Amino acid sequence: MKKLSKDTKFAHLGKPGSIFSKGFQRRLDLILKVVDLRNKRILDLGCGEGVWLRKFLEFTSPENVYGSDIDQESIDTAIINTPELKNSNLVVSVGEALPFKDNYFDTVFQNEVLEHVKDDKKVISECLRVLKPEGKLIVFTPNRGWPFETHGMFFKNRYYWGNIPLLPWLPKFIYKKFAPHVRNYSNRELKNVISEGSGNYSYNIIYHKHIFPGLDGMTRRFGILGKLFKNIFVVLEKTPLHFFGISHFIIVKKS
């Protein structure tokens with residue numbers, strides 16, 4: 001665990017991935033079992049440095065790939081990392097006020113973003129607004145069943161970066177004292193956010209599971225033993241114990 005300044009940037013905005021890890025590839029493989037990305041117009045909301053944007057370019061043409069992020073520095077890096085995209089396709093924007101017209105995208109994607117925004121219900125509303133009818137919103141976001149807070153915590157005017165055991169299982173009013181910068185969701189809480197954020201938009205939740213972490217670091221460090229542990233988690237995802245996964249994987253289809 002690292003002790004950092006309370007003003008550490010990624011503590012408040014999230015830490016963007018800089019490579020398309022094996023864990024990310026696994027998430028993509030799970031998506032592709034449910035959603036067809038070929039030739040779709042895709043928005044990566046909270047695109048960070050653009051690692052997912054580069055991957056989406058394998059499925060559709062550059063004019064169909066868009067990214068938004070609240071952080072100008074991240075967008076500048078994404079522009080460098082994805083020279084195939086028009087600069088105008090990458091925008092600095094909060095998720096609560098997306099600069100896109102109604103019914104524009106086939107797919108809106110969020111990878112560990114919803115937990116960081118100011119108004120999660122408004123973000124859901126905006127995602128449904130910019131989706132075409134029959135379009136799909138794909139969300140990965142922290143699951144309260146996972147026994148570690150992966151976004152660190154604040155304590156005595158300092159930020160502690162690392163995995164904090166059992167913090168997500170504490171009562172919410174205690175949890176928020178240590179983690180005011182982030183959210184995690186129970187199944188009911190996440191479904192309520194989607195329901196209340198949907199407003200007048202009709203939708204169906206067509207998929208909802210929990211996934212375990214990719215364990216890329218453990219695999220590199222412990223080799224075969226790390227791979228064995230990772231495979232155990234993959235098996236657990238197919239049982240009721242997926243309830244304890246690190247993230248919700250939920251797909252919402254706009255009617």
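Source: prediction; values computed, not measured.
Here the straight-line distance linking atom CG of L45 with atom CZ of F105 works out to 9.0 Å at 0.5 Å rounding. The distance from atom CZ of R54 to atom SG of C47, rounded to the nearest 0.5 Å, is 11.0 Å. Atom CD of residue E134 and atom CG of residue D106 lie 11.0 Å apart, to the nearest 0.5 angstrom. Put simply, CZ on R144 and CZ on R188 are 11.5 Å apart, with the number rounded to the nearest 0.5 Å.
For the ring-ring contact (aromatic ring centres under 6.0 Å, His included) with F249, the lone residue among F109, F212, Y207 that qualifies is Y207.
For the pair R41 and Y66, the cation does not sit on the ring face, since its NZ or CZ is not both under 6.0 Å from the ring centre and inside 45° of the axis.
Remark: D120 engages R183 in a salt bridge, criterion side-chain N to carboxylate O under 4.0 Å. Of the charged side-chain nitrogens involved, none lies within less than 4.0 Å of a carboxylate oxygen, so that D119 and K121 do not count as a salt-bridged pair.
More than 12 heavy atoms of other residues, nucleotides or ligands sit less than 6.0 Å from atom NZ of K172. Residue Y201 places its OH atom among more than 12 non-hydrogen atoms of other residues, nucleotides or ligands, all under 6.0 Å distant.
Residues V193 and I124 meet the side-chain proximity criterion, which asks for heavy atoms closer than 4.5 Å.
Judged by distance alone, with hydrogens and angles left aside, the side-chain atoms of T60 form a donor-acceptor pair with the main-chain N or O of K40 at under 3.5 Å. Remark: side-chain polar atoms of S21 are paired, donor with acceptor, to backbone N or O of F24 under 3.5 angstrom. Judged by distance alone, with hydrogens and angles left aside, the side-chain atoms of E115 form no donor-acceptor pair with the main-chain N or O of N184 at under 3.5 Å. Between the side chain of D44 and the main chain of Q110, no donor-acceptor pair closer than 3.5 Å is present.
Legend: residues meeting side chain to side chain donor-acceptor pair (under 3.5 Å) with K22, ordered by chain and number and at least two apart, are absent. Scanning for ring pair (Phe, Tyr, Trp, His ring centres under 6.0 Å) contacts around F244 gives an empty result, with sequence neighbours left out.
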How far apart are the C-alpha atoms of N103 and K254, what are their side-chain angles, what is the distance that settles it, and do they pass the side chain to side chain donor-acceptor pair (under 3.5 Å) test?
CA-CA 10 Å; N103 307 316; K254 182 178 177 180; 2.9 Å; yes

Decide yes or no on salt bridge (Lys or Arg N to Asp or Glu O under 4.0 Å) for E237 and R26, but give the supporting numbers first.
CA-CA 13 Å; E237 285 181 357; R26 184 164 181 274; 2.3 Å; yes

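In this structure, the ring of Y159 has its center no less than 6.0 angstrom from the ring center of H12.
Judged purely by distance below 3.5 Å, without hydrogens or angles, the side chains of S61 and N64 pair a donor atom with an acceptor atom. Between S247 and E112, the side chains place a donor N or O and an acceptor N or O closer than 3.5 Å (distance only, hydrogens not considered). No side-chain donor from either of H181 and H151 sits under 3.5 Å from a side-chain acceptor of the other.
Through direct or indirect side-chain contacts shorter than 4.5 Å among Ile, Leu, Val, Met, Phe, Trp and Tyr, M1 is connected to M153, F155, Y160, I164, L167, L170, F173, I174, Y175, F178, V182.
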